[in-house]
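The next block holds one structure in the form of structure tokens; read it before the comments.
Note that this is a predicted model, so its numbers are computed, not measured. Chain naming here is simple, since letters A, B, ... match the order of the sequence lines and numbering starts at 1 in each.
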Amino acid sequence: MKKHQLKVQNSLTRKKEIFEPLHDGKVGMYVCGPTVYSDVHLGNCRTFVSFDVIYRYLKYLGYKVRYVRNITDVGHLVGDVDTGGEDKISKKARLEQLEPMEVVQRYMNGFHEMMTVFNTEKPDIEPRATGHIIGQIKMVQDILDRGYAYVKNGSVYFDTLKFAKDYPYGELSGRKIDELIAESRDDLKGQGEKNNPSDFAIWIKAEPTHLMRWESPWSVGFPGWHLECSVMSTKYLGKHFDIHGGGNDLKFPHHENEVAQNYGACDCAPAKYWLHTNMLLMNGKKMSKSDDNSITPQQLFTGDSKHVSKGYSPMTIRFFMLQSHYASTLDLSDDALSAAEKGYKRLTEANKVLQAMQPDPAAKAGDLDKEISDLIDLAHAEMSDDFSTPRAIGRLFELSAKINGLKGGQLNKKDLSAETLELLKTTFTDFIYTIFGLKDEDAGGSDNGVTDSLMQLIIDMRKTAREQKDWGTSDKIRDALKEAGVQLKDGKEGTEWSLV
RNA sequence: GGUCGGUUGGCCGAGCGGUUAGGCAGAGCUCUGCAAAAGCUCGUACAGCGGUUCAAAUCCGCUACCGACCUCCA
């Protein structure tokens with residue numbers, strides 16, 4: 001099979017580029033993780049599912065990937081430093097009368113559980129900001145030494161004006177420093193200690209009531225939010241690494257300032273490729289914790305929300321997410337979810353049929369063989385084109401029609417070579433499980449095949465009834481099973497069943 | 001207000017200058033004892049108005065909506 005060149009949409013250049021890792025065969029990828037001050041919501045999950053697929057696909061292509069995804073457990077403020085911003089973790093701890101680390105542990109656990117439910121692979125390193133305070137202090141010092149920051153009353157601010165003279169500040173987010181300054185003229189809000197409104201804190205002096213605090217050369221305080229990512233990506237992936245990812249909403253100011261800090265500290269650009277996932281919408285608006293336009297994964301599973309008519313399984317939701325491109329917005333709706341649910345079932349059923357299929361001994365490669373090989377090749381090409389899961393899924397559906405056609409006798413198995421059948425099988429397995437990270441949910445598993453035996457017995461009894469043209473009995477069996485949620489499927493080679 | 005992005009058939013969602021995306025729903029046909037499942041076929045979508053081109057959903061301009069970022073958010 002031809003190997004397709006991987007292309008990625010680089011936010012930094014706003015172009016789709018051929019992916020070339022800095023070190024042959026290896027990829028370093030840093031993704032901004034969650035701030036663990038409350039339950040994850042579905043929007044977070046979408047981003048991490050997107051990067052999970054990217055991680056999986058890179059590995060599938062044979063790269064040795066180091067995937068670093070941080071946990072922000074300090075430094076992320078509510079509001080601005082100057083306007084009395086409070087650390088999110090600290091605030092939650094104060095409100096719930098918990099230790100800050102208790103808050104962190106609680107929501108980090110919840111986050112991990114949800115990531116498991118969505119079947120995402122664990123990152124190779126999951127560093128936490130509080131574990132890297134020394135590194136952060138060091139970087140603040142480096143930035144100060146190189147003249148891109150200044151100290152004010154124990155806090156340290158990044159000097160964006162100075163920086164912008166030497167480097168292109170705003171490159172990533174498309175901001176212009178002049179406009180950022182100009183904006184402030186209209187905005188009469190107090191600038192506080194900052195020399196310029198576009199400056200940002202890299203070390204913050206802690207108020208006496210502040211729970212999380214560390215000694216530093218400038219004050220007892222805590223690091224600025226953007227700093228942790230600069231420090232931890234550098235520590236684990238090097239000064240210059242391959243991929244930096246995160247949600248679209250982090251582009252500015254978070255990622256922009258991260259870049260500035262890296263240049264500021266060591267004159268080096270952190271990532272070669274910046275990948276940004278787009279937002280999950282609900283009712284046409286960004287799903288957001290701040291307003292109530294948000295649904296928790298749990299609510300979606302149980303259907304306990306005004307936004308859905310019923311519950312949807314984690315894999316249905318994962319599949320739903322993969323049906324759109326990671327860089328497009330995705331609008332969550334009940335209709336879309338139930339369509340995804342049926343589509344997902346169609347795909348998994350086709351896969352079951354496929355895996356049970358045996359090649360025809362007299363098989364010869366014909367037109368059908370080529371059609372199928374071409375579709376397989378296309379599916380790979382789609383994935384290599386900026387991880388286009390929706391198009392790859394489209395190809396899999398086209399292949400599903402072929403599979404069902406072979407099974408139903410509309411297509412002839414003689415036209416499909418054993419090699420291509422085998423390739424088709426591995427393709428489905430690779431895509432569904434390895435790359436898309438979907439997993440079987442209805443596998444009852446623990447009843448030692450009792451269900452299968454029972455079903456076989458019932459199917460046999462119905463078969464006998466049908467042979468005797470006892471339609472009353474056979475239809476009663478069929479209808480009663482349907483009522484119980486079991487779908488009988490009469491085919492050329494006998495009857496099969498599946499859960500509805 | 002500034003910057004950027006979007007507007008595709010009943011619903012979701014690809015598409016980045018010429019070719020059927022795909023899924024769900026719907027219609028017809030085949031198969032079936034009747035169904036279901038499955039297969040095949042079909043609906044003549046591209047916000048509006050201009051322009052460029054042999055050719056535009058796709059490029060350019062204007063208009064209208066919608067959204068994101070600019071302040072914490074994946």
Can you find a side chain N or O atom of [X] that sits less than 4.0 Å from OP1 or OP2 on [N]?
X      : N     : value
A/K489 : B/A36 : no
A/R346 : B/G39 : yes
A/R391 : B/G15 : yes
A/K342 : B/A25 : yes
A/S173 : B/C4  : no
A/N44  : B/A74 : yes
A/R466 : B/G33 : no
A/N404 : B/G39 : yes

Starting at the 5' end of RNA chain B, which residue's closest nucleotide do you reach first, A/L332 or A/F252?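 So the residue in question is A/L332.
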Separation of atom [atom1] in [X] from atom [atom2] in [N], rounded to whole Å:
X      : N     : atom1 : atom2 : result
A/K492 : B/A37 : NZ    : P     : 16 Å
A/L322 : B/A14 : CG    : P     : 12 Å
A/K285 : B/U7  : NZ    : P     : 18 Å
A/F200 : B/C72 : CZ    : P     : 12 Å
A/D331 : B/C66 : CG    : C1'   : 11 Å
A/L337 : B/A25 : CG    : P     : 15 Å

Opposite nucleotide pairing with [N], Watson-Crick or G-U, both atom distances under 3.5 Å:
N     : answer
B/C69 : B/G2
B/C40 : B/G28
B/U7  : B/A64
B/C59 : B/G51

Sort out for me which residue in A/L347, A/T348, A/L337 forms a side chain to side chain contact (heavy atoms under 4.5 Å, CB included) with A/F319.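 Single pass found, and it is A/L347.
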Classify A/L280 by what it touches in the nucleic acid, base, sugar-phosphate, or nothing, heavy-atom distance under 4.0 Å.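 Base, at least one base atom sits under 4.0 Å.
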N-glycosidic conformation, B/G33 - syn within 90 degrees of 0, else anti: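 With its glycosidic angle more than 90° from zero, B/G33 counts as anti.
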Does A/H112 reach the side chain of A/K122, with side-chain heavy atoms less than 4.5 Å apart?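 Sidechains of A/K122 and A/H112: no contact.
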Is there a side-chain contact between A/P297 and A/C45, using heavy atoms and a 4.5 Å cut-off?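 A side-chain contact under 4.5 Å exists here.
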Any donor-acceptor pair, under 3.5 Å, between the side chain of [X] and the base of [N], if you only look at N and O atoms?
X      : N     : answer
A/N278 : B/A74 : no
A/R478 : B/A36 : no
A/R14  : B/C4  : no
A/N248 : B/G5  : no

Keeping A/Q136 on the side-chain end and A/A129 on the backbone end, is there a donor-acceptor pair under 3.5 Å?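 Judged by distance alone, yes, a pair lies under 3.5 Å.
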Compare the ring of A/W471 with the six-membered ring in the base of B/G33 and state whether they stack (centres under 5.5 Å, planes under 30°).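 Stacking between A/W471 and B/G33: present.
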Taking the ring of A/H380 and the ring of A/F431, is the distance between their centroids below 6.0 Å?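 Ring-ring flag for A/F431/A/H380: true, centres closer than 6.0 Å.
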Quick one: do A/E256 and A/R175 make a salt bridge, cutoff under 4.0 Å?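 Not counted as a salt bridge, because no side-chain N and carboxylate O are separated by less than 4.0 Å.
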